[in-house]
Amino acid sequence: MAKKSKTVFVCQECGYESPRWMGQCICGAWNTMVEQKVIDLPEDDSRRRTSVSRTPTRLKEVGSGDYIRIDTGIRELNRVLGGGLVKGSLTLISGEPGIGKSTIIIQAAANIAKSQGTVLYVSGEESEEQIKMRADRVCPQLSDDLYILAETNMENIAAACEKLQPKFLVIDSIQTMYTQAMDSAPGSVSQVRDIGNQLMKLGKSRNIPIFIVAHVTKSGELAGPKIVEHLVDCVLNFTGERDHELRILRAYKNRFGTTSEIGAFQMEENGLKQIDNLSGTFLENTASEAEGSVITAVYEGSRPVLFEVQALTAPANVGFARRTSVGVDYQRLNMILAVLEKKAGMTMINQDVYVNVVGGMRPDSPSIDLAVALAVYSSMRGITCRKRTLVIGEVGLTGEIRSVQNADKIAVEAARLGYEQMILPRKNGDKIGGKLDRTGFRLIGVKNIYEAIDGFKGEEN
Ligand code: TYD
Ligand code: MG
C-alpha cells in the first residue's frame, strides 16, 4: 500500500506541529518553523498504540517497585545517576563534540558487559574499526559480550536488539539515526522525536537501560527539539574545556535521584579517570598568599569542592574600564564591584578588573561572592589574605554577608585539608558554633563587607 504523506510545519524549539507556516510559534519563538513531510498512519497502526493500561488505578495500590540498579563500574557515573543505572531507564547524555561522551560510554559498556552480559553499542558516527581503536585504548580487557553495530536505520537496530537481547543498549548519537516511516532527514525534529519514542518503547518493554548520545549546539542547547528531554528519565550533561583535562558530568533531570550530584573525571591518554580528591585537584598549584588570590568552596551534590579565585585590578587607560570574568557570572561580578564601590569605599570606576576561577571549574553558586570581593580587594590594595584561610559567603546589595548552605560541611572539609580558619557569614558561624572546637579550626563570622575586610587582613597587616 502506498504511504500517504502530508506536509506539516514543526517548531525546532518546542516540537509544536502546525498545518501551516507561522512566523511565531505558540511557544513564542520566531522563525523556528520547518517544513516536514509526515506519513499518515492508519488507525490500527502499532505506533499509535500505547502500552499504558486504560483503567485508572488507586495510587495507594500501585506497587512502589524498588528500582533494580546496575553498577556501571564507574563510581562517579553511578553517583550522578543516583546510585547506578536503573533497569529500563532512558538516559540522554549530551555534550559538545570531542568532550568524551563516546569514551565514558564505551568504558561503562565494557564494564557492564563484564558484569551483566550482552551489551550492544550502536554507532551512527564512527566505523566499527574506529570504535575498536578507542576501546583498545581505554578498556584493559574486552569482554566477549560487548557487541558493536555501525548502523543508522532504526528498524535494523530494533531487529538487532531482538536477536541479541542486550542487557544494555547505547545509541551514539540520536541525531544520526533515522526511521523508514518518515521521509525527513536524520536529525530533523520529527525523526528525533520518533526515534526517541521507539527507543522508549524498546527500553520499557524489555527492561533494557538505554544510553542515548545527543549533540548540543554552541550555546549549550540540545540540538533538535526539547521533546527528547521530556521523554527520557535522565538528562546528563558532560562539560569541560578541551585544553583542560577536567570533565564534569552533571544531571539536569533525573527521575531516580537528585540533580545536584556531579561526577568529576580527568581525560587522560587511556580514557577518563575518576577524580577522588576533587578539592585537591583544584588546589594543586595554588599561589597561596599571593595578592589577588583567595581560596573558596562550593557544595556540589554531596561534597564540598575547594578552589582558588584570582583577581587582578589595573588602572584603566581609556575612559571605559574593562571587566573580564572566567568562571564567575559576569552580572554577579558587576554587582560585587558595585557593592565594593558603594559599601567599602573603593573606587572601581577607573580600574580594569579580571577575575578567574582556577582549574576550569564553573561554580554556579553565590557562596563564592565574598571570595570574589576579597580577591578584588586584595589585588587593589596589595594586601594578601591570612594564611591557610578559606572564604565563603553571599554578598547582598546592602553590603551584608548572607548565609550559605552546607557551610558546616565545607568547614569540616577545609579543616581536613589543613586549613586553619574560615571567613564565613556570621549566621553560619553561630550555627556551627563549637562543633569544630577540638580541631582548632577558627571560624571568623562576619556580618557585612567591612567586617569581612577586617577579618581578611588579620592582625599582622
Ligand atoms: P570522544 O569520546 O570521541 O568525544 P565525543 O564522543 O564527546 O565527541 O573523545 C574525543 C576526545 O578525547 C579526542 O579529542 C581525544 C580525547 N581522548 C583522550 O584524550 N584520551 C582517550 O583515551 C580517548 C579515547 C580520547
Ligand atoms: Mg562520539
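In this chain, residues are counted from 1 in sequence order. As the structure lists them, so they are numbered: ligands from 1, and atoms in each ligand from 1. Excluded from the calculations below are hydrogen atoms, water molecules and symmetry mates; all remaining heavy atoms, backbone and side chain alike, are included.
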request  = State plainly whether the residues Lys273 and Glu245 are in salt-bridge range, i.e. N to O under 4.0 Å.
outcome  = no
query = Nearest non-hydrogen atom to atom 18 (C) of ligand 1 belongs to which of Arg134, Arg137, Glu269, Glu96?
reply = Arg137
request  = Of the side chain and backbone of Asn270, name the one, both, or neither that has a heavy atom under 4.0 Å from an atom of ligand 1.
outcome  = backbone
task = Give yes or no for whether the N/O distance cutoff of 3.5 Å, strictly under, is met between Lys101 and ligand 1.
result = yes
task = Mark up the atoms of ligand 1 that fall under 4.0 Å of a heavy atom belonging to Thr103, in ascending order.
result = 1 (P), 2 (O), 9 (O), 24 (C)
key: Expected output: side-chain Gln24 to main-chain Gly28 donor-acceptor under 3.5 Å   = yes
query = Thinking salt bridges, do Arg386 and Glu420 make one under a 4.0 Å N-O criterion?
reply = no
key: Heteroatom count (protein N, O or S) under 2.8 Å of the Mg ion (ligand 2)   = 1
key: Winner among Ala135, Gly240, Gly98, Gly100 once heavy atoms are compared against atom 8 (O) of ligand 1   = Gly98
key: All pairs passing salt bridge (Lys or Arg N to Asp or Glu O under 4.0 Å) where residues 132-145 contributes a residue, at least two apart   = Glu126-Arg134, Lys132-Asp136
Proximity of Val138 to ligand 1 by residue part, where a heavy atom lies under 4.0 Å = side chain
key: The single option from Ile105, Ile171, Leu169 passing side-chain contact (heavy atoms from CB on, under 4.5 Å) against Tyr121   = Ile105
key: Salt-bridge present (Arg332, Asp364; N to O < 4.0 Å)   = no
key: Sub-4.0 Å atoms of ligand 1 with respect to non-hydrogen atoms of Glu268   = 18 (C), 19 (O), 20 (N), 21 (C), 22 (O)
task = Please report the C-alpha distance between Arg247 and Glu76 in whole Å, then the side-chain angles of each, then the deciding distance to 0.1 Å, and finally whether the salt bridge (Lys or Arg N to Asp or Glu O under 4.0 Å) criterion is met.
result = CA-CA 11 Å; Arg247 299 283 183 275; Glu76 296 286 294; over 6 Å; no
inquiry  = Could you go through Thr179 and Glu155, starting from their C-alpha distance and side-chain angles, then the distance that decides it, and tell me whether this counts as side chain to side chain donor-acceptor pair (under 3.5 Å)?
reply    = CA-CA 7 Å; Thr179 163; Glu155 283 71 22; 2.8 Å; yes
task = Please lay out, stage by stage, how Glu291 and Ser379 fare under the test side chain to side chain donor-acceptor pair (under 3.5 Å).
result = CA-CA 5 Å; Glu291 282 165 23; Ser379 173; over 6 Å; no
request  = Please lay out, stage by stage, how Asn111 and Lys114 fare under the test side chain to side chain donor-acceptor pair (under 3.5 Å).
outcome  = CA-CA 5 Å; Asn111 292 337; Lys114 256 186 218 149; 5.1 Å; no
inquiry  = Below a 4.0 angstrom heavy-atom separation, can you tell me which part of Pro97, side chain or backbone, both or neither, approaches ligand 1?
reply    = backbone
